[in-house]
Amino acid sequence: MIDSNEKGNHKPLRVAVLVSGSGSNLQVLIDAMQAGALPIEIVGVISNREDAYAITRAKDATIPVAVLSHVASGKRMGIKTFETHASAQLTTWQPDLIVLAGFMRVLSAEFIDNAPAPMINLHPALLPAYKGLDTYQRVIQAGDRHHGCSIHVVTAELDAGTVLTQALLEINHKDTANNLQTRVQKLEHQLLPWTILLLAKGVLSLNNEQLPNQQPTCMPTLPLKLYLDS
Ligand code: GAR
């Protein structure tokens, strides 16, 4: 349970972020943290790719980074080796929350179940529709009218945990997969900090657990939805 919001305890939420790519969502969290707009401390970033620009973003913000891409001999790390190192690193950082922000490896049930903190994932689709990859191409091909992004609790089944929040937009007839991705990423940059703020404040809880200072009637029906124009 996330407990940084217990009465009288105003410590920032300790957040670890797992990344694989550009890290634009990580940057939004860094900016919000530095501006004092989000009561979090990013205690560390783990990248499974040595070429992820997210590493530069974290280093520029003097956030500890663990790059877990290759073993000492130069061989690419298998998922089991990655998970062993990532578990040890997370245990050292002691996060309250682990955020998968563009993390592109599938984690094992064992890793998820034994993680030192609850884990949430940002997914570029309106779950439960379009789990997995290439969501933009698939919604365009299907002729859908809406697309968006979701933040869900990570469970052993891929993209299937409880959906906490979603942001959605209307698809224009001129949209291509590329510009739809750009539009949805703008939504992500609002949805991720908003969701973490709700978790940090105890408005949202994970796994249906109540924080000590909340009445059960406070809990909203999930997912919370943001309708945005982008
Ligand atoms: C985001 O659009 C996120 O939704 C997606 O990766 C991108 C990372 O962008 N995640 C997934 O597809 C997970 N299945 P970023 O590195 O610029 O934050």
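Order of listing sets the numbers, starting from 1, for every ligand and every atom in it. Computed from heavy atoms alone, side chains included, the values below leave out hydrogens, waters and symmetry copies. Along the sequence shown, residues carry numbers from 1. On a predicted model such as this, the values are computed, not experimentally measured, just so you know.
Taking a 6.0 Å sphere around CZ of Arg49, one finds it holds 12 or fewer heavy atoms contributed by other residues, nucleotides or ligands.
Both Leu198 and Leu164 are part of a single hydrophobic cluster, where members link through side-chain heavy atoms under 4.5 Å apart.
In this structure, Phe103 has its ring center no closer than 6.0 Å to that of Phe111.
Listed by chain and number, residues touching ligand 1 at under 4.0 Å (heavy atoms only) are Gly21, Ser22, Gly23, Ser24, Asn25, Gly102, Met104, Leu122, His123, Pro124, Gln185, Glu188.
A donor-acceptor pair is defined here as one N or O able to donate and one able to accept, closer than 3.5 Å; no such pair exists between the side chain of Gln166 and the backbone of Leu224.
Looking at heavy atoms from C-beta onward, Thr81 lies in side-chain contact with Val71 at the 4.5 angstrom threshold. Side-chain contact between Ile30 and Leu26: present, with at least one pair of heavy atoms (C-beta onward) separated by less than 4.5 Å.
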